[in-house]
Amino acid sequence: MTKEQVIVTAAQMRDIEGRIFAAGMPVAALMEKVARLISDRLQAIIPQGQRVGILVGPGHNGGDALVVARELHFRGYQVWIYQPFSKLKELTSQHFQYAQSLGIPVYQEIEELPSCDFLVDGLFGFGLEREITDSIALAINHFNEWNQPIFSIDLPSGLHTDTGAVLGTAIRANHTFCLGLWKQGLLQEQALEYIGKAELIDFDIPLADIHDVLGNPPKINRITKTTALATLPLPRSPVTHKYKSGHLLLICGSRRYAGGAILTGLGARASGVGMLSIAVPESIKPLLVSHLPEALIIDCPETETGAISHLQLPGKTPLSSFTVIACGPGLTKDATPIVEQVINSEVPLILDADALNILAQLGTISTLQKRKTTTVLTPHTGEFHRLFPDIDFKDRVKAVQTAASQTGAVVLLKGARTAISNPQGVVWINPESTPALARGGSGDVLSGLMGGLLAQVANKQVNIEDVVATAAWWHSQAGILAAEERTELGVDAFTLTQYLMKVVIAI
Ligand SMILES: NC(=O)C1=CN([C@@H]2O[C@H](COP(=O)(O)OP(=O)(O)OC[C@H]3O[C@@H](n4cnc5c(N)ncnc54)[C@H](O)[C@@H]3O)[C@@H](O)[C@H]2O)[C@@H](O)CC1
Ligand SMILES: [K+]
């Protein structure tokens, strides 16, 4: 476990810090250490000599900000302080007094503030529990209207540490220095517009304290490059053969949605899976063959509407000969019997897109409770609502945990911060993505990629949710890389498939 992987609530952070202080670390020494690390980062980002406005709150977030003010003052920046509170915590008050004694200008009214090149926000950290109102709320709105970049200490002031909800109003930061461990609120979609670029400032919290408070491994985790790489099927065994590297069956496509089948196939190709079979309606077989010459394309009889009417595997191949089945992209609802058939099989199964809509019609929970082996569901928000109309969606993490526990499936809820839960409530959150991926077909690519990865590790001792998390990470990293080279407008789903391999090559 790494600290980058850990996600904490305010109460857990307080508990962890409490243990450090109880063990003898002086509070003032820790504040000094943390604020020096922030100052070092600011110095690396902001040109020497610029004008810096420091926003100081009443608690220890304000204390951190005052140490940063002092450091930047001595490092040659032109610093001023905005501190509108009548009562400060003791340590904060001492730093305030010292900053004043150094001649750093202090202001209480926003009308008096001189201009500056950037702002440091130390108004509130994880101690904020109630709505911000009155003059402080007005001040925050005012700073948000300035054009200067804002650097927030720990989290943008005004965000709830656990839910990321805006408490009254909140600073819209360009950059957030999250202190020690990632706060849960920073991984919530509603907070994303306030955080800017987020960075963890590691101040050497002992792992033993983290384990004591969160358990080992912790229940809620952040996907990182390290965690993702740990489940990639690399290096391959020198004596592997194609069937040992997994046999994935994709069931996808229709005359209407032929492209979805191609994209799913290209996602699977990038996974490195040993054998790829793709069952499609017979009329689109030639198209699939031309795009995926390495795959075995299985032509199935089709309905009048061009959906697969029933699975016709060559030579009476049983479904059980496949390591994993991924089913759904482009099927249309007319493929209901096929979805029922794969759900009744004992092969590990990924259900996506139309397969999820069909599952919702069949009755999500009663249908899945019959399954004896792994199922992965990959809904976006709309599909999630159709599958689980009774689950409260306010907290996405809780929603995905509930869905997984009710169905016994691993559930991946797509979004700007994709969340994955296993039935026991172990959660992975994908912390990095790009709006470039908000395009038709990008989910099909994920289904294929995930199927290919699962097929390669299905017989090994791995947790399914770890592999699902790796697929989500790989997919979003490909989107990020493609957007960097081609802008956020340039990442159509086919292009995305071409960037999957580049992510691995770049590692
Ligand atoms: N405990 C420590 O020594 C460390 C704390 N750190 C910093 O300390 C922060 C947490 O410090 P605190 O627990 O003092 O809390 P904060 O500094 O986040 O703020 C709490 C203060 O704000 C007041 N307050 C809360 N809601 C308010 C509202 N709506 N309107 C007006 N005032 C309000 C409270 O009465 C309290 O005085 C962290 O976010 C981090 O920046 C770091 O320096 C690391 C070490
Ligand atoms: K802050």
Side-chain angles (χ1 to χ4, degrees), residues 8-39 42 53-69 71 82-96 119-140 143-144 150-162 164-186 191 194-196 198-206 209:
V8 286
T9 61
Q12 289 166 334
M13 191 67 192
R14 218 177 278 291
D15 196 352
I16 290 168
E17 284 189 343
R19 284 162 198 258
I20 299 172
F21 298 141
M25 179 69 165
V27 177
L30 192 60
M31 182 179 284
E32 191 70 21
K33 174 167 179 159
V34 169
R36 291 283 290 260
L37 290 168
I38 299 168
S39 304
L42 285 170
I54 310 265
L55 316 181
V56 175
H60 284 178
N61 198 254
D64 290 347
L66 286 162
V67 178
V68 169
E71 281 298 303
Y82 168 71
Q83 194 292 96
F85 298 91
S86 51
K87 207 162 167 278
L88 303 179
K89 275 193 177 173
E90 193 184 344
L91 186 53
T92 309
S93 176
Q94 286 173 345
H95 281 302
F96 184 55
L119 290 164
V120 175
D121 154 38
L123 288 170
F124 304 105
F126 65 66
L128 181 76
E129 276 155 359
R130 52 183 204 275
E131 294 246 323
I132 300 176
T133 54
D134 306 323
S135 59
I136 302 301
L138 289 176
I140 287 178
F143 291 123
N144 282 339
I150 307 180
F151 292 80
S152 281
I153 299 177
D154 212 8
L155 64 167
S157 299
L159 291 191
H160 190 285
T161 309
D162 303 347
V166 175
L167 295 173
T169 187
I171 289 284
R172 283 182 187 271
N174 299 74
H175 201 118
T176 297
F177 296 115
C178 178
L179 304 180
L181 298 170
W182 288 103
K183 310 298 175 314
Q184 196 170 290
L186 295 176
Y194 294 84
I195 295 165
E199 172 180 347
L200 188 69
I201 303 286
D202 181 356
F203 61 83
D204 302 325
I205 297 174
D209 291 322

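As the structure lists them, so they are numbered: ligands from 1, and atoms in each ligand from 1. Worth saying up front: this structure is predicted, and the values here are computed from it rather than measured.
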- For F96 and L66 the tightest heavy-atom approach is N-CD1, 3.6 Å
- Item | salt bridge (charged side-chain N to carboxylate O under 4.0 Å, His left out) partners of E199, counting only residues at least two apart | R41
- Counting each atom of ligand 1 from 1 as listed, which ones have a heavy atom of E131 under 4.0 Å away? 29 (N)
- What is the closest protein heavy atom to atom 15 (O) of ligand 1, and at what distance does it sit? G127 CA, 3.3 Å
- Looking at the K ion (ligand 2), is one of the N, O or S atoms of I153 less than 3.4 Å from it? yes
- Task: Considering the heavy atoms of L128, write down every atom of ligand 1 situated less than 4.0 Å from one of them.
- Result: 18 (O), 26 (N), 27 (C), 28 (C), 29 (N)
- Message: Suppose we measure from atom 39 (O) of ligand 1 to each protein heavy atom; which comes out shortest, and what is that distance?
- Response: D154 OD2, 2.6 Å
- Do you know the tightest heavy-atom contact between I153 and A65? CD1-CA, 3.7 Å
- For ligand 1, which part of L179 has a heavy atom less than 4.0 Å away: the side chain, the backbone, both, or neither? side chain
- Nearest to atom 18 (O) of ligand 1, what protein heavy atom do you find, and at what distance? G125 N, 2.5 Å
- Considering only heavy atoms of V27, which atoms of ligand 1 have at least one such atom less than 4.0 Å away? 3 (O)
- To the nearest 0.1 Å, how far is atom 11 (O) of ligand 1 from its closest protein heavy atom, and which atom is that? H60 CB, 3.4 Å
- Query: With a cut-off of 3.4 Å, does A65 place any N/O/S atom under that distance from the K ion (ligand 2)?
  - Reply: no
- Item | Structural part of N61 in contact with ligand 1, heavy atom criterion under 4.0 angstrom | both
- Determine the minimum heavy-atom distance between G57 and F85, stating which atoms define it. CA-CE1, 3.5 Å
- Task: Spell out, as yes or no, whether a donor-acceptor pair under 3.5 Å connects the side chain of D121 to the backbone of S157.
- Result: yes
- Message: Quick check on side chain to side chain contact (heavy atoms under 4.5 Å, CB included): which of L37, L200, V68, L42 does F177 satisfy it with?
- Response: L42
- Any idea how Y82 and F143 line up, ring-wise: parallel (<30°), tilted (30 to 60°), or perpendicular (>60°)? perpendicular
- Task: Ignoring hydrogens, tell whether any protein atom lies closer than 4.0 Å to atom 9 (C) of ligand 1; use the non-hydrogen atoms only.
- Result: yes
- Item | Heavy atom of the protein closest to atom 42 (C) of ligand 1 (residue, atom name, distance) | D64 OD2, 3.4 Å
- Item | Metal-centred angle, the K ion (ligand 2) as apex - OD2 of D121, OD1 of N61, 10° resolution | 140°
- Item | Nearest non-hydrogen protein atom, atom 22 (O) of ligand 1 | P58 CG, 3.4 Å
- Item | Distance-minimising heavy-atom pair for T161 and K183 | CG2-CB, 3.8 Å
- For the pair T176 (side chain) and S152 (backbone), establish whether a donor and an acceptor sit closer than 3.5 Å, ignoring hydrogens and angles. no
- Item | Over all atoms of both residues, closest heavy-atom pair of P58 and K87 | CB-O, 3.5 Å
- Task: Indicate the atoms forming the closest heavy-atom contact of R172 with N144, along with that distance.
- Result: N-OD1, 2.8 Å
- Task: Could you pull out, from M25, K89, R130, the option with a heavy atom nearest to atom 25 (C) of ligand 1?
- Result: R130
- For atom 44 (C) of ligand 1, which of R14, E17, M31 has the closest heavy atom? E17
- Query: With sequence neighbours excluded, what pairs up with R19 under the side-chain contact (heavy atoms from CB on, under 4.5 Å) test?
  - Reply: D15, D209, D212, V213
- Query: Given F21, F126, F124, which one has a non-hydrogen atom that is nearest to atom 3 (O) of ligand 1?
  - Reply: F21
- Message: Using heavy atoms and a 4.0 Å limit, tell me yes or no: is I136 in contact with ligand 1?
- Response: no
- Query: Measuring to the K ion (ligand 2), does G57 have an N/O/S atom at a distance below 3.4 Å?
  - Reply: no
